Amino acid sequence: MQKKPIFVQNANQIITLKGSSEKPLTKEQMNELHIIENSSLWLEDGKIQMVGPHDKLVEQYKDRLHEAEIIDSYGKIILPGLVDPHTHLVYAGSREGEFNMRLNGATYMEIMNNGGGIHATTSKTREACEDELFAQSFRRLNAFLLHGVTTVEAKSGYGLNWETEYKQLKVAKRLNEAHVIDIVSTFMGAHAVPADFKHLEDKFVDFVIEEMLPKVAEENLAEFNDVFCERGVFTPEQSRRILLAGKKYGLIPKLHADEIEPYEGAELAAEVGAISADHLLKASEKGMKAMADKGVIGVLLPGTAFFLMAESANGRKMIDLGVPVALSTDCNPGSSPTCSLPFIMNLACLKMGLTPAEAIVAATINAAHAINRGQEIGSIEIGKKADIVIMDVPNYMQLAYHYGMNHTDTVIKNGKVVVLGGQIQ
Ligand code: NIG
Ligand code: FE
């Protein structure tokens with residue numbers, strides 16, 4: 001850890017999101033950013049030590065300013081490091097051929113049912129050695145970092161057998177140690193039914209429950225357990241079995257829910273006490289209300305709808321009904337090959353009716369809560385981890401407004417400057 005303190009001075013705005021560490025923000029709270037104008041930050045020992053008006057901090061630290069690394073943020077804004085709570089980070093290969101097929105009319109599910117899609121990436125990931133997977137995923141982490149992301153959730157699910165699921169989870173652990181970005185792991189053995197279990201779906205579910213889950217828990221390879229609950233993949237009943245079995249091992253349920261067709265995934269997430277239900281393009285109002293009642297976070301992925309040329313989830317309605325909403329890239333080679341969370345924030349405004357303020361909450365503190373890290377990251381408060389991003393825009397509303405552009409100027413991770421002037425240090 002860096003010994004020297006960092007004084008980040010003179011920002012136009014610091015978006016603190018104060019008071020949000022206990023619970024994700026809902027309804028009108030999602031518009032309350034708790035901004036401090038003309039403000040500065042003192043970071044030391046990997047933690048945020050002080051945040052407030054510039055003059056006040058200068059006075060408080062006047063005897064120690066000469067010790068500090070000074071980062072000037074005049075004309076810019078400061079946010080908590082962005083958090084991506086849903087990615088399929090560790091995979092091999094790419095699927096631009098399928099992109100072309102979809103542009104010519106094929107659907108995502110048709111491609112998958114013909115052995116492509118998740119199955120294609122599964123083959124590539126099975127073939128790749130651990131070091132190859134590590135190298136590919138490391139590059140993606142660099143892309144995340146350059147877009148202001150400091151914590152990423154990563155799912156397995158391109159193995160569909162123990163050997164490769166294990167390989168993916170081990171790579172995620174290695175990446176967590178080797179890369180400055182923090183990685184939080186999710187086991188997703190039930191991402192698709194592999195070819196050797198075709199028409200034996202329940203047997204595969206038994207295999208996930210009896211063979212894979214105990215090993216994941218025993219080796220402490222993941223914190224969360226996710227299932228692709230979708231017609232033609234896993235039914236709500238099969239998903240329930242897997243999620244409840246995971247709970248017995250201490251794995252917190254998550255769910256790919258109601259993505260392509262309405263399938264009562266949102267309802268199931270509320271029933272099993274999932275921390276989040278993700279996608280939700282086709283979620284029913286009943287399901288949304290059940291999520292709001294139980295505090296299940298809706299992790300919305302407007303990049304996936306955009307890339308699959310589908311209608312986005314109704315984020316506006318979810319927020320109005322009281323669902324705590326988070327945003328994510330869903331970074332994966334099939335339905336959302338991007339690492340740009342700022343672009344996702346822009347899409348959330350344009351396609352799901354979120355305000356720029358709600359998009360910031362959804363990509364910081366609510367995203368942190370969606371991976372059980374709300375107490376440590378996601379807001380700029382004394383004692384939290386010094387994960388900070390400086391964006392080169394004069395006010396927060398310009399972030400989502402300039403679409404398809406990267407405003408990330410400086411990233412401080414764990415109290416260390418890791419991106420400066422848009423370059424990895
Ligand atoms: O979240 N929908 C299921 N899983 C991923 C896509 C995985 C893939 O196509 O490789 C998703 O969209
Ligand atoms: Fe996904």
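Since this is a predicted model, take the numbers as computed values, not measurements. Basis for what follows: all heavy atoms, side chains included, without hydrogens, waters or symmetry-related copies. First listed ligand is number 1; within each ligand, the first listed atom is number 1.
For the pair Lys254 and Phe224, the distance from NZ or CZ to the six-membered ring centre is under 6.0 Å and the angle to the ring normal is within 45 degrees. Geometric assessment of Arg102 against the ring of Phe307 yields a positive cation-pi assignment under the 6.0 Å and 45° thresholds.
Looking only at distances, a side-chain donor or acceptor of Arg373 sits under 3.5 Å from a matching main-chain atom of Ile371.
Under 4.0 Å from ligand 1, not a single heavy atom of Tyr91 appears. By the criterion of a heavy-atom distance under 4.0 Å, the side chain of Glu259, and not its backbone, is placed next to ligand 1. If you look at Glu230 next to ligand 1, there are no close heavy atoms at all, none under 4.0 Å.
The nearest N/O/S atom of Asp330 to the Fe ion (ligand 2) is OD1. Within His86, NE2 is the N, O or S atom that lies nearest to the Fe ion (ligand 2).
The His88 neighbourhood of ligand 1 comprises atoms 1 (O), 4 (N), 5 (C), 11 (C), with distances under 4.0 Å to a heavy atom of that residue.
Scanning all protein heavy atoms for the shortest distance to atom 4 (N) of ligand 1 gives His191 NE2, 2.8 Å.
The side-chain heavy atoms of Val411 and Thr150, taken from C-beta on, include a pair separated by under 4.5 Å.
For His256 and His88, the ring centers sit closer than 6.0 Å to each other.
At a cut-off of 2.8 Å, His256 is counted among the residues with an N, O or S atom near the Fe ion (ligand 2).
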